[in-house]
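Note sheet for the following structure.
One-based numbering along the sequence shown. Since this is a predicted model, take the numbers as computed values, not measurements.
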Amino acid sequence: MSSTGLLLNAQNDYVVINNGVVEITWTNPGGIIKGIKYKGIDNLLEQKNKDLNGGFWDLNWSEPSSTKTRGKFDTIQGTDLQVIVENEEQIELSFTRMWSPEVQGEQAPLYIDRRFVVFRDVPGFYSYAIFEHTKDMPAFHLNTTRIAFMLNKEKFHYMVITDDRQRFMPSAEDRLPGRGEPLAYPEAVLLVDPIEPEFKGEVDDKYQYSLENKDNQVHGWISFDPPVGFWQITPSNEFRTGGPFKQDLTSHVNPTTLAIFLTSHYAGTELLVKFETGEEWKKVLGPVFTYFNSISDKDMALSLWDDAKRQMNEEVQSWPYSFPTSEEFPNCDQRGVVRGRLLVQDRYLSKENLPGKAASVGLAAPGDAGSWQRENKGYQFWTMTDEDGCFVIKNIRAGSYNLYGVVPGFIGDYKYEVVITLTEGCDIGLGEIVYEPPRDGPTLWEIGIPDRSAAEFYIPDPNPKYVNKLYLNQDKFRQYGLWERYAELYPENDLVYTVGVSDYQKDWFFAQVNREIGDKAYQSTTWQIKFKIDNVDQGGSYTLRVALAASNHAELQVSYKYLT
């Protein structure tokens with residue numbers, strides 16, 4: 001496709017933009033992407049799936065009485081198209097959907113404005129949306145919203161998540177009955193008769209390809225004939241929920257690529273966005289960038305990943321973008337800065353305050369310490385401290401926030417008690433702020449490292465029947481069915497850890513799980529920690545502190561027995 005400038009062709013049922021390097025087709029006024037023509041491929045997207053095809057924004061929602069995290073699936077169809085910008089360099093389209101009581105129970109009560117921005121000669125497009133709940137709308141739960149792309153099955157077979165997590169993938173057909181065998185939950189399937197024999201005996205599970213928000217910046221797929229890449233780039237996390245450590249989906253079999261904005265994955269009902277009747281709320285999701293690249297030499301197709309990372313870095317440096325026309329998206333001059341230095345006061349480790357190095361420091365809605373993990377309606381802004389504990393948080397929207405922090409190696413959550421109010425263009429210096437971790441005395445013993453990860457503990461090898469080859473030598477915790485390995489290691493008696501003798505890297509199972517005792521029957525487990533204190537202060541008190549990396553449908557009970 002030769003450069004022909006930027007052309008817009010709007011018809012009754014579709015709208016097409018050709019920017020000289022890529023041609024994109026949307027339904028009109030629905031706003032569903034039906035086609036992407038690029039570098040000799042007539043359509044990068046799939047159109048032959050039984051259910052979901054093309055590229056689209058969607059959401060999942062529930063009535064307010066629901067106690068579940070899943071409800072009604074809604075591929076968002078617009079009811080009106082407006083051309084917001086059209087000039088020689090840029091076109092911005094707006095697909096809107098109103099809400100009225102006539103559709104109550106059928107559509108989520110939201111006003112939705114989805115925007116698409118295309119620039120001349122740029123191999124890709126930007127998308128963002130404004131979601132609004134107004135005072136005349138009823139209560140409901142917003143469970144998930146995202147952008148999803150169903151890619152051309154004949155072209156895209158190689159998926160890339162990170163430098164180390166990339167591979168050829170099985171096909172969607174391999175998951176169907178006869179070729180795939182369902183496992184403990186629907187997303188996990190054992191490939192028993194895949195089209196390509198190399199995948200036989202592997203487990204396919206989309207959750208194995210999740211990333212933490214802080215690392216989920218670019219992922220996608222590569223076609224080898226012709227060598228073309230399809231990438232989803234997210235330059236900022238400000239609009240995501242759950243903070244930097246929350247994991248979420250990326251790309252997976254179908255082939256599918258996602259841009260996740262709001263979701264309760266890995267968190268449960270606490271991260272559902274729950275609206276009361278008449279509650280006024282508005283949020284901008286995105287912009288994100290869908291990027292395409294190509295190379296002439298097929299033998300160099302994997303280098304498209306390096307170019308995608310380069311492009312991602314360019315997008316990050318360009319944030320906040322200057323091109324969105326919506327007044328709801330503030331530009332750089334309308335945002336603020338917060339800076340300071342985080343110190344840790346632990347007199348049992350040092351008489352002097354210690355620098356809070358490699359700490360995660362962020363601004364989120366005012367709340368209790370740690371509440372940012374459950375916050376889901378506002379924006380969050382995070383950074384990491386340097387070796388001296390210094391930090392600068394840039395490009396913060398005007399508003400009121402608490403400053404929160406997490407310091408590796410120290411238990412607990414930091415909260416700066418004063419609410420910080422940012423105005424347009426402000427630069428707030430907090431100076432030195434001090435986190436004093438909870439402590440009642442010197443540490444007598446410790447198992448593991450308080451860093452919101454279980455990576456230091458014993459992670460077993462997977463059952464050879466349920467293996468993903470990608471994780472044989474890395475991220476072993478992502479293998480399917482590891483919870484069943486506990487019962488094999490401890491078939492009758494539970495884990496016993498002796499302080500001073502046991503090694504947590506070898507003797508402490510990475511997750512506290514139940515023991516399976518029958519078909520879908522489980523028994524709670526009781527672990528023991530044995531330790532000796534040579535000189536007990538009979539009049540004193542001793543405190544046991546437990547730091548959890550994550551928990552789900554679990555109850556933790558702690559008891560003790562004093563042995564003489």
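- Taking all atoms of both residues into account, the shortest heavy-atom contact from Leu403 to Ile433 is CD2-CD1, 3.5 Å.
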(request) Take Glu173 and Lys153 through the test salt bridge (charged side-chain N to carboxylate O under 4.0 Å, His left out) and record every step on the way to the result. (result) CA-CA 10 Å; Glu173 287 72 18; Lys153 292 180 180 179; 3.3 Å; yes
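- The distance from the CH2 atom of Trp26 to the CD1 atom of Ile24 is 4.0 Å, given to the nearest 0.5 Å.
- Across every non-hydrogen atom of Val253 and Pro170, the tightest pair is CG2-O, 3.5 Å.
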(request) Tell me, with the steps shown, if Phe230 and Phe292 meet side-chain contact (heavy atoms from CB on, under 4.5 Å). (result) CA-CA 5 Å; Phe230 188 108; Phe292 319 120; 3.4 Å; yes
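- Using a cutoff of 4.0 Å between basic side-chain nitrogens and carboxylate oxygens, Lys72 and Glu106 are not scored as salt-bridged.
- With Tyr379 as the aromatic partner, Arg397 meets the cation-pi criteria of under 6.0 angstrom to the ring centre and within 45 degrees of the ring axis.
- The number of heavy-atom neighbours closer than 6.0 Å to CD of Gln11, taken from other residues, nucleotides and ligands shown, is above 12.
- In terms of heavy atoms, Phe329 sits closest to Gly286 at CE1-O, 3.9 Å.
- Residue Ser223 holds its OG atom at 11.5 Å from OH of Tyr38, rounded to the nearest 0.5 Å.
- Just one residue in the list Asp74, Thr79, Asp113 forms a side chain to side chain donor-acceptor pair (under 3.5 Å) with Arg97, and that residue is Asp74.
- By the neighbour-count criterion of 12 heavy atoms within 6.0 Å, atom CD of Glu276 is sparsely surrounded, having that number or fewer from other residues, nucleotides or ligands.
- Between the side chain of Ser127 and the backbone N or O of Arg115, at least one donor-acceptor pair lies under 3.5 Å.
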(request) With side-chain contact (heavy atoms from CB on, under 4.5 Å) as the test, would you mind laying out the steps for Val361 and Ile393 before giving the verdict? (result) CA-CA 8 Å; Val361 179; Ile393 306 175; 4.2 Å; yes
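- To the nearest 0.5 Å, atom CG of residue Asn395 and atom CD of residue Gln334 are 12.0 Å apart.
- Minimum heavy-atom separation, His133 to Pro138: NE2-O, 2.8 Å.
- Partners of His157 according to the side-chain hydrogen bond (donor to acceptor under 3.5 Å, both in side chains) rule, which considers only residues two or more places apart in sequence or in another chain, do not exist here.
- Applying the ring-ring contact (aromatic ring centres under 6.0 Å, His included) criterion to Trp99, with sequence neighbours excluded, gives no partner residue.
- By the salt bridge (charged side-chain N to carboxylate O under 4.0 Å, His left out) test, Glu314 is found to be paired with Arg310, residues two or more places apart in sequence or in another chain being considered.
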(request) Mind running side-chain contact (heavy atoms from CB on, under 4.5 Å) on Val21 and Val122 for me, showing each step along the way? (result) CA-CA 7 Å; Val21 293; Val122 173; 5.8 Å; no
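- Note: Phe239 and Phe261 have tilted aromatic rings, judged against thresholds of 30 and 60 degrees for the angle between ring planes.
- Ionic pairing of Asp163 and Lys309 is present here: one or more N-O contacts between side-chain nitrogen and carboxylate oxygen are shorter than 4.0 angstrom.
- No salt bridge links Lys357 with Asp386; every basic N to acidic carboxylate O contact stays at or beyond 4.0 Å.
- Proximity of a side-chain donor or acceptor of Gln474 to a complementary backbone N or O of Asp164 within less than 3.5 Å is detected.
- In this structure, the side chain of Tyr401 does not engage the main chain of Leu422 through any donor-acceptor pair within 3.5 Å.
- When atom types are taken as modelled, the side chain of Arg335 and the backbone of Pro330 share a donor-acceptor pair closer than 3.5 angstrom.
- Contacts of Tyr414 classified as ring-ring contact (aromatic ring centres under 6.0 Å, His included), with partners at least two apart in sequence or in another chain: Tyr435.
- Relative orientation of the Tyr126 and Phe119 rings is perpendicular, given thresholds of 30° and 60° on the angle between their planes.
- Salt bridge annotation for Lys155-Glu46: absent, with no cationic side-chain nitrogen under 4.0 angstrom from a carboxylate oxygen.
- For Thr27 (side chain) and Ile32 (main-chain N/O), a donor-acceptor pair under 3.5 Å exists by modelled atom type.
- Using the six-membered ring where Trp is involved, Phe275 and Phe140 have ring planes that are parallel, under 30° apart on the 30 and 60° scheme.
- With Thr69 contributing its side chain and Leu272 its backbone, the two residues share no donor-acceptor pair below 3.5 Å.
- One N or O on the side chain of Gln166 and one on the backbone of Thr162 form a donor-acceptor pair closer than 3.5 Å.
- Under a 4.0 Å N-O distance rule, the pair Glu328/Lys282 qualifies as a salt bridge.
- Remark: Glu89 engages Arg120 in a salt bridge, criterion side-chain N to carboxylate O under 4.0 Å.
- Between Asp413 and Arg452 there is a salt bridge, since at least one side-chain N of the basic residue sits less than 4.0 Å from a carboxylate O of the acidic one.
- Closest of all the heavy-atom pairs between Asn152 and Glu154 is OD1-N, 2.9 Å.
- A ring-centre distance under 6.0 Å is found for Phe224 and Phe168.
- Between the side chains of His219 and Ser251, at least one donor N or O lies within less than 3.5 Å of an accepting N or O.
- Thr234 and Gln217 share no donor-acceptor pair across their side chains, judged by distance under 3.5 Å alone.
- Under the 3.5 Å distance criterion, the side-chain polar atoms of Asn237 are left unmatched by any main-chain donor or acceptor of Pro244.
- Atom CG in Asp174 sits 3.5 Å away from atom OG in Ser171 (nearest 0.5 Å).
- More than 12 non-hydrogen atoms from other residues, nucleotides or ligands lie less than 6.0 angstrom from CD of Glu63.
- The side-chain contact (heavy atoms from CB on, under 4.5 Å) test applied to Glu270 returns Arg374, not counting sequence neighbours.
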(message) Apply side-chain contact (heavy atoms from CB on, under 4.5 Å) to residues Phe391 and Met384 and explain how you reach the verdict.
(response) CA-CA 7 Å; Phe391 64 89; Met384 289 189 66; over 6 Å; no
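- Scored by the salt bridge (charged side-chain N to carboxylate O under 4.0 Å, His left out) test, Asp225 finds Lys298 as partners (sequence neighbours excluded).
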